[in-house]
Structures are given as structure tokens and as C-alpha cells.
Peer 1: 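This is the structure I want to talk about, given as C-alpha cells.
For clarity, every value in this text was computed on a predicted model and none was experimentally measured. Order of the sequence lines fixes the chain letters, A, B, ..., with proteins taken first and strands second; residue numbering starts at 1 for each chain. These values consider heavy atoms only, across backbone and side chains, with no hydrogens, waters or symmetry-generated copies.
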Amino acid sequence: MSLNVHHLELFYFVAKFEGITEAVRKMPYGIQQPAVSGQISQLEKSLGLKLFHRRPFALTPAGEELYDYVYPFFSQLDQVGGRLRGEETQHLRLAASAAVLRNHLPQVLQAVRSDFPDLRLTLREVKSTEIEAALQKQEADVAVTILHRKTAPGLTSIKLLELPQVLLVPKNAPITKFREVVAKAEGPLISQPLITLPPNEQLSLLFQAGLKKRDLQWDPSMEVSEVGLIERYVSDGFGYGITLNIPGIAWPKTVRAIRLPAADFAPVVVGVLHMGNLKAVGNRFVKVAQAYAKELMKAA
DNA sequence: CAATGATGCTGTCAGAGCAC
DNA sequence: GTGCTCTGACAGCATCATTG
């Protein structure tokens, strides 16, 4: 025997407002207390069990379970209506790395907000390896991330800028060029401690590809989850780090950045990813991000 | 095919029952 | 007594089977 959805809706309000009378007062439409009481009785009768104790109000275990089940549906009905009516046009859900969210998006979003005064934002920190999945699951509208040669089907990528790979060394390190590191190596093996992102990150892949081209081997001794940590541990003397040179962003005084030869160590491409067609606010975001990237490159 | 009546569901109003 | 809940009587509406 299936449950009556109208009964479930009334039960949702009764459980939410903790009582029949309170539910009647606060419900978004007019209904009298006896009607609610009667409908709830029918629901309980059809289930063959009590859903809540009346006075004082308390959900029974069965009531708790049913409330947990119906809550996500009824609590989001208003928002769904708004979305269907197109009232969500000024909502932008963004996915990006922590570094991008912290260092770059504030300025870009400031500009977007001047065109969309009612802009509502959802910013989500997502690892670059999980960003495509987040877009495909519709958990975000747009992502700013490192682009691969191949993006997942259905995704559109827009290139913003290319960032050169750099070797980050402590300020007092006795080298100024990458070839000096190589010169100190015993054969192809570089033994200097190395700090990198996880091996499946695009930056790590491109760096290892560059080493391979030069028949070098340099295995990381320390793996960190975000580029900000590389700076930190390099300046604390844990080793040299592989990171990106972002124009306009100054390095801490405790480290120095050494450019890796671009011929072998390909720059990392950063861009915007999205699925399907973007709303106006999404398109505006892309335009502003492109302008911002252009300014950054000029500053380089 | 349209009209009719039975049935079921949900609603209101008035008022009774009950706990504090 | 007060406030909350339930019960009973009755109305409006939709559906469905029956009837002419």
C-alpha cells in the first residue's frame, strides 16, 4: 500500500514545527487543525504505527525515519520552483583549487558582481583531479582549473593563461639556474630532496615529462596537496619544490623561483571548464576571467 | 454519449476530552 | 481555566459505474 503524498506533506510540516497546532499556524497555506489531525491519523492508520507522541511532541523512531526521508524533498520545493521559473539566473556555482579561490577569484567576482547586483555565489574547493567529475555531476556551473589535452566529453574548455613551471628554492640556496642542479647530480639521478604535488596532478606529470626528455630522474621526497604548501616547506628547508610561476603574485622573501627551460618543461595551461551552455552570469564570468588573465600576463 | 447517483477524499465548524 | 488534540456532522469535489 503506497503512502499518500498529501499526508506526507502535512506530516512534514507537523514534524518541522513540532506539533499540529504550530504547523497549522506556520504552514504556507491555510488549513484548519482538524483537517491536519485527521490526515495524520489516516497516515498513521495506513502505516499501522504512531509517528509522534502528541503532548509533549516527540517523533517516534518511525516518525524520525519518515521525516529524514521526506525532509530533502519538501524542504527544497520552494527553491525548485524558483529555479524552474528562472529566478536562479544570478546564481553561479564555482569550483576551483584553494589557491585560485583565495588569490584570483575575489577580483574577478568583484567585477562580475558589478554587472549582476543580486549575484549569489557558491564557491567550492575541488582538487584539480576531481573537477571534471564535479561539473559532470552538476555540482558546479563553472570551474577554473588546469586544463589537460583531453577534457571529458560534454565539457567545454576555455584557455586563460599559460603558467611556466618553476623550481622553488630556499633564498640562500647555492644555485641560480636549473642546469646547476643537474650538474651536481650523479649521472641521471638527482638526489636533492624534492617537494611536489601528487604524481597524478598535471603539474607533476608535465615536470616528470620534462625530466624524461632530458634523461633525468628526480623522485619526490615530499608530496603535498596544494601549491601553497610547497612554498612553505621549501622556505623551511625541506627541499626544492616544483610549482607554477603566477605573474603578479610575489614569492615570499624566504624563497626564490628558478625558471625551468620552457623547451622541455611545458607550461601548465589554466582555463575555464563548463558543461553545456552557460547562463548569462556564467558567460560574464568567463569574459571577466579572460580580461583578468590578460592583465596578469601583461604584468609578467 | 450524456446524465445520474454512489463512493471516497478532504475540507470546515462546533464542541468534547484531556493534560498541565 | 487554558491550550492542544480529537471527534462528529456536514459540504464540496472528483471518480466511477450504471442507466436511458
Peer 1: Please examine the side chains of Ile40(A) and Arg54(A), heavy atoms only from C-beta on, and report whether any two atoms are closer than 4.5 Å.
Peer 2: yes
Peer 1: Could you pull out the closest heavy-atom pair between Arg124(A) and Ala134(A), with the gap in Å?
Peer 2: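 Residues Arg124(A) and Ala134(A), closest heavy atoms: NH1-CB, 4.5 Å.
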Peer 1: To the nearest 0.5 Å, how far apart are CH2 in Trp218(A) and OG1 in Thr196(A)?
Peer 2: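 Reported to 0.5 Å precision, the distance equals 10.5 Å.
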Peer 1: Does the side chain of Thr60(A) reach to within under 4.5 Å of the side chain of Leu49(A), using non-hydrogen atoms?
Peer 2: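 No - every pair of side-chain heavy atoms lies 4.5 Å or more apart.
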Peer 1: Between His104(A) and Val144(A), is the side-chain contact (heavy atoms from CB on, under 4.5 Å) condition met? List the steps.
Peer 2: CA-CA 10 Å; His104(A) 305 286; Val144(A) 178; over 6 Å; no
Peer 1: Using chain A heavy atoms and a threshold of under 4.0 Å, write down where along DNA chain C the contacts begin and end, 5' to 3'.
Peer 2: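 Boundary nucleotides touching chain A, in 5' to 3' order, are dG3(C) to dT7(C).
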Peer 1: For DNA chain B, which residues in residues 6-20 of chain A have a heavy atom at a distance below 4.0 Å?
Peer 2: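 His6(A), His7(A), in order of number.
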Peer 1: Quiz question: by atom type and distance under 3.5 Å, do the side chains of Gln202(A) and His148(A) form a donor-acceptor pair?
Peer 2: yes
Peer 1: Any idea which heavy atoms bring Lys171(A) and Arg256(A) closest together, and the distance?
Peer 2: O-NE, 3.0 Å
Peer 1: Check whether any side-chain heavy atom of Glu22(A) lies under 4.5 Å from a side-chain heavy atom of Arg25(A), and answer yes or no.
Peer 2: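 Yes, side chains in contact.
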Peer 1: Please give me the minimum heavy-atom distance between Phe57(A) and Ala15(A), naming the atom from each residue.
Peer 2: CZ-CA, 3.9 Å
Peer 1: Supply the members, apart from Val126(A), of the Ile/Leu/Val/Met/Phe/Trp/Tyr cluster built from side-chain contacts under 4.5 Å; use none for a lone residue.
Peer 2: Ile131(A), Leu135(A), Leu147(A), Leu155(A), Val269(A), Leu273(A), Met275(A)
Peer 1: Between the protein and nucleotides 16-20 of chain B, are there any N/O to N/O pairs under 3.5 Å, and if so, what are the atom names and distances?
Peer 2:
none

Peer 1: According to ring pair (Phe, Tyr, Trp, His ring centres under 6.0 Å), does anything in residues 249-275 of chain A pair up with another residue at least two apart or in another chain? List the pairs.
Peer 2: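 As it turns out, the ring pair (Phe, Tyr, Trp, His ring centres under 6.0 Å) pairs with a partner in residues 249-275 of chain A, which skip direct neighbours, are Phe178(A)-Phe265(A), Phe207(A)-Phe265(A).
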Peer 1: For the pair Tyr71(A) and Tyr67(A), name the ring-plane relationship: parallel under 30°, tilted 30 to 60°, perpendicular over 60°.
Peer 2: perpendicular
Peer 1: In residues 31-39 of chain A, which residues come under 4.0 Å of DNA chain C by heavy atom?
Peer 2: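 Per residue number, the list reads Gln33(A), Pro34(A), Ser37(A).
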